[in-house]
Amino acid sequence: MIKHIAISLWLLYGSVEAATCPNGAEVDTLARCKYFEQYTKPTIEHDLRITERLGVKDAKSIRSIALIVGIDTYSNFPPERKNLAPAKADVDNLREFFKSDQKFDEVIVLRNQDATTENIEYFLGQYLPQLGLEMIKKTRLVFAYSGHGVDSSNARKAVFLLSNAKNPDDLANSYRMNDLRDRLSTLSINYFHVLALINACYGGHLFDNGQGNGGGSMNTTEQPGAYAMTASSDLHTSASLGRKGDGSIFFDNLIAGIKSGAADREYLRIMDADGKLQQQGGIVRLGALNSYLDTEYEILNRRNNIHLDKTWIGPIQDSHARGGFFFLSPISVKQGAQAIHVSPGPRSSVPGRPDLKIFSAKEDYPIRGIDVSVHEGQIDWKTVKKKNELRFAYMRSSSWAGEDMSFSKHWSEAKLAGLDRGAIHTFDYCLTPLQQEELVARIVPKDASSLPIALVLTEAPASFNKREHACYSKYSKAQLQASILDLTARLHKRYEKIPLIYGTRSFLNAILDERFNRYMIWLAVYRKSTAPTDADLGLRGNNPWTIWQHTASLTVKGIGDNVDSNVFFGGEREYQRFKLGTNNEGLEAAHW
C-alpha cells in the first residue's frame, strides 16, 4: 500500500531532485527554504501530552507541523481595499503561537506574494504527503488561513483570494476551498491529526455546504481524525473588531482561549484530600475549543450589538474521524504543589494516590449512564438504548414517599432494551435500617446481572419535608453513621454486591470516614448545571469516586431534557469487575 501511494505521487509530480535547506528541511528547490520560519529535527521537546496520545515512546518518532497561509495585501485592489490589517495580525500571532507556545517542529508561512497557487500546491500536494508516507500516523498538521474568501452560488467555485487577484472574480489568482478540502482529506490517510483553521468570509464552503462525515468525538484526543473549523458558515462573513493591532475575532479568541486555558476548563481537574483544586489543565480539546468560541461570539454579539455567525466545524476526510485535534495549554498548580503528569485514560484518582481525586472531561470516560425516577415520566427505553451512547441506567426504587411507582416498569424495560440496570434507595431517617431493608426487598428483586444497589444520602430540610426533617434532626452524627453502616451491611448481604453510597460532596464529607471505605462512592451534582464547578468536586479521605453524576441537565432521546448524566471511572476491565460487586472498585483501581 505504501509503495503504491509513493509510485502514484512520483507519476503525478514527476521526479525531482531534493534540496536540503540550511535548517535541515528537504524541499525540491532551495528557493522554498525561506518559507520555513521554524524547522527542528528531532523534535523540539519530548512532551508526554503529545507522545502518549500518539502512542510513541519518544519525540523523535513524531512531527507537529503548521502551514500558515495569510493574505493581508491585495496589490491590484483599490487603495482603500488594498490592505487587510486583521490578516496581517493573524499571521504574526499564529506564527509565534505555533513556534513559541505550541512548540511545533515546523512552521511554514506563505504570505502575500509567496502564497501562490504553485507554492500552496507544492506543500499540500508534495512536501506534506511525502512526510506523511515517511511517518505514517505519527504527525500532527494544522493548516491556517486568514484572508479574503469569495462566495459563489456554486460551492465548487468558492475560493480563497490570493494576493495578485485583480478583483473578487479573479479565479486565476485564487485557491478553491474544495481543493483545500480534497488535499487535506488525502493527507489525513497518513496523518494522526489534521486540522484546518479558516478565517475567511464564506469559509463554510470548505464543507461542501456543510456536509461532513460523522464518526467519533472531537474531544477524543487519542484517536486519529481530520477536522476543519471556520470563522463563519458558507453564507456569512468573518470579522474583526477593527481596533489597532486586532486580528480576526476568530483567531484572536482562539489563541487567547488556548494560551490561558480558558477554552477547556473541564479537562483534568485534580482535587486534594481537603477538597481543594490542586491542579487543572494541560490540553485544550477541539470540541471544547469550538464550544468556547461559540460562547465568546455570543458575548461579543451582546456586548457590541452585532450579529456574528457561530463557528462551523466538522470532519474533512473520506473515512470517519475517530478523534480530534488538541492543543497544549498551561497547567495551573496550587501554590506549593508540584505538577502531576496523568496519562490519558479514564480514572478517578492519581495512580497510587487515592487521596488525589481526578475529574476529567466526560468524554474521557467511555462508560456512561443515567439515573431516573418517576419524575422522568414515560420512558421509551428502546430509543434510549438505540439513540444514546449509554451503557447503564439506575432507577429509584424507594424514597421518603415509599415505593417509586415507576420502578417496576423501568426495571423490566431497561433490561429488555439491553441496558445494565441498578436500583437506588434513598435513606429514610424515619425508618430503622431493618425496616428500610424490608422495604427495598419488597421492591427490588435479586438478580445476579444487576448492578450494585445505590444508597442515597441527602439532607432533609424542613422546607422540603417536615416529617423527614423532624426524624433527621434527632440523629447525632455518630448515630447516623451507625445506621448507615447497618443498612449498607444489610443491603450488601441481601444482594451480595457491595453497595454504592450516593451524595453531594458537602454531605458525604460531613458523614463519611474511613469505616465507609469498603463502599463505593457515587458523587452527585444535584443542581441543573451543564458543567460542575470546583465547589461540586473533591472528596476528603482516601476513597475515590466510582460513579460521578456530572450534570443534571442531559438531553436524552427517549426521555427528554434535564436527565441526570453519569460516568463510570474506568474502562471495560474495571466495569466488568464493578458489575460483580465484590470490591470497592474505585479504591482498588487507585492502587494499581
Practice task
Can you see which heavy atom on D364 is nearest to which on P346, and at what distance?
Solution key: O-CB, 3.4 Å
Problem - Atom pair OG/CG of S240 and D90 - distance to nearest 0.5 Å - result: 8.0 Å
Problem - Student check: side-chain heavy atoms of V333 and Q338 closer than 4.5 Å - result: no
Practice task
Using a 4.5 Å cut-off on heavy atoms from C-beta on, say whether the side chain of F143 contacts that of L124.
Solution key: yes
Handout entry: Lys/Arg N to Asp/Glu carboxylate O, E574 vs R347, below 4.0 Å
Key = no
Handout entry: Verdict with supporting geometry, K259 and E96, salt bridge (Lys or Arg N to Asp or Glu O under 4.0 Å)
Key = CA-CA 12 Å; K259 291 180 71 171; E96 291 307 310; over 6 Å; no
Practice task
Without swapping roles, check the side chain of R32 against the backbone of F123 for a donor-acceptor pair under 3.5 Å.
Solution key: no
Handout entry: Electrostatic pair D179-R183, nearest N-O below 4.0 angstrom
Key = no
Exercise for the section: Answer whether the closest heavy-atom distance between the side chains of S75 and Q113 falls below 4.5 Å. Expected result: yes
Exercise for the section: Would you check if there is a donor-acceptor pair between the side chains of D294 and T311 at a distance under 3.5 Å? Expected result: yes
Completion exercise
Between V91 and G70 the two heavy atoms that sit nearest each other are CG2-CA, 3.5 Å
Handout entry: Partner of L162 under side-chain contact (heavy atoms from CB on, under 4.5 Å), chosen from I120, D170, T116
Key = I120
Problem - Short side-chain to backbone donor-acceptor contact, S260 and A256, under 3.5 Å - result: yes
Fill in the blank from the handout: Residues at least two apart in sequence or cross-chain that pass side-chain contact (heavy atoms from CB on, under 4.5 Å) with A89, listed by chain then number, are N93
Handout entry: Min side-chain heavy-atom separation V567-H550 under 4.5 Å
Key = yes
Practice task
Enumerate the residue pairs fulfilling side chain to side chain donor-acceptor pair (under 3.5 Å) with a member in residues 277-289, sequence neighbours excluded, ordered by first and then second residue.
Solution key: D264-R285, R285-E363
Practice task
Could you tell me whether the side chain of Y122 and the main chain of D28 form a donor-acceptor pair under 3.5 Å?
Solution key: yes
Handout entry: Flag side-chain contact, heavy atom, 4.5 Å: T221 against Y267
Key = no
Exercise for the section: Mind checking side-chain hydrogen bond (donor to acceptor under 3.5 Å, both in side chains) for S329 and listing every partner two or more places apart, or none if nothing turns up? Expected result: none
Problem - The single option from V150, N173, D169 passing side-chain contact (heavy atoms from CB on, under 4.5 Å) against L161 - result: V150
Handout entry: Pairs satisfying disulfide bond (SG atoms under 2.5 Å apart), at least one member in residues 280-341, at least two apart
Key = none
Problem - Any side-chain heavy-atom pair of Y127 and I108 under 4.5 Å - result: yes
Problem - For the student: nearest non-hydrogen atoms of H205 and D151, plus distance - result: NE2-OD1, 2.7 Å
Problem - S64 backbone acceptor or donor facing D105 side chain under 3.5 Å - result: yes
Handout entry: K557 atom NZ, neighbour heavy-atom count above 12 within 6.0 Å
Key = no
Handout entry: Under the ring-ring contact (aromatic ring centres under 6.0 Å, His included) test, residues paired with Y39 that sit two or more places apart
Key = F36
Exercise for the section: Ignoring hydrogens and angles, tell me if any N or O in the side chain of Q317 forms a donor-acceptor pair with the backbone of I189 under 3.5 Å. Expected result: no
Practice task
Just jot down the side-chain hydrogen bond (donor to acceptor under 3.5 Å, both in side chains) partners of K41, sequence neighbours excluded, or say none.
Solution key: none
Practice task
Identify, with sequence neighbours excluded, every residue that meets side-chain hydrogen bond (donor to acceptor under 3.5 Å, both in side chains) alongside K334.
Solution key: D272
Fill in the blank from the handout: Smallest heavy-atom separation, I316 atom then A196 atom, equals CD1-CB, 4.3 Å
Handout entry: Pairing residues for Y365 by the ring-ring contact (aromatic ring centres under 6.0 Å, His included) criterion, not counting sequence neighbours
Key = W545
Exercise for the section: Using modelled atom types only, decide if a donor and an acceptor are shared between the side chain of K137 and the backbone of Y191 within a distance under 3.5 Å. Expected result: yes
Completion exercise
Applied to residues 303-315, the salt bridge (Lys or Arg N to Asp or Glu O under 4.0 Å) test, sequence neighbours excluded, yields E298-K310
Handout entry: W312 side chain near I198 side chain, heavy-atom distance below 4.5 Å
Key = no
Handout entry: Which residues share a ring-ring contact (aromatic ring centres under 6.0 Å, His included) with F98, sequence neighbours left out
Key = F104
Practice task
Kindly give the heavy-atom pair with the smallest separation between L110 and D114, and that separation in Å.
Solution key: CD2-O, 3.9 Å
Exercise for the section: Using a strict cut-off of less than 4.0 Å between a Lys/Arg side-chain nitrogen and an Asp/Glu carboxylate oxygen, indicate whether D72 and R111 qualify as a salt bridge. Expected result: yes
Practice task
Could you tell me whether the side chain of L390 reaches within less than 4.5 Å of the side chain of V556, counting heavy atoms only?
Solution key: yes
Practice task
Using atom types as modelled and distance alone, determine if a side-chain donor or acceptor of N76 lies under 3.5 Å from a backbone N or O of N164.
Solution key: yes
Handout entry: Considering all heavy atoms, the nearest F207-P315 contact
Key = CD2-O, 4.3 Å
Problem - H341: side-chain hydrogen bond (donor to acceptor under 3.5 Å, both in side chains) partners, not counting sequence neighbours - result: E52
Problem - Sidechain-backbone polar pair: S174 side chain, L171 backbone, donor-acceptor under 3.5 Å - result: yes
Problem - Euclidean distance, D536 CG relative to F359 CZ, rounded to 0.5 Å - result: 9.5 Å
Exercise for the section: First locate atom OG1 of T237, then atom OH of Y202, and finally report the distance between them rounded to the nearest 0.5 Å. Expected result: 6.0 Å
Problem - Flag if over 12 foreign heavy atoms under 6.0 Å of CD, E80 - result: yes
Problem - All ring-ring contact (aromatic ring centres under 6.0 Å, His included) counterparts of F77, not counting sequence neighbours - result: Y74
Exercise for the section: To the nearest 0.5 Å, tell me how far F160 CZ sits from N199 CG. Expected result: 10.0 Å
Fill in the blank from the handout: CE (M177) and CG (L180) are apart, to the nearest 0.5 Å, by 9.5 Å
Problem - Side chain R53, main chain R49, donor-acceptor under 3.5 Å - result: yes
Practice task
Keeping the roles fixed (side chain from N253, backbone from L293), state whether a donor-acceptor pair exists under 3.5 Å.
Solution key: no
Practice task
To the nearest 0.5 angstrom, please state how far the OG atom of S349 sits from the CD1 atom of I358.
Solution key: 6.5 Å
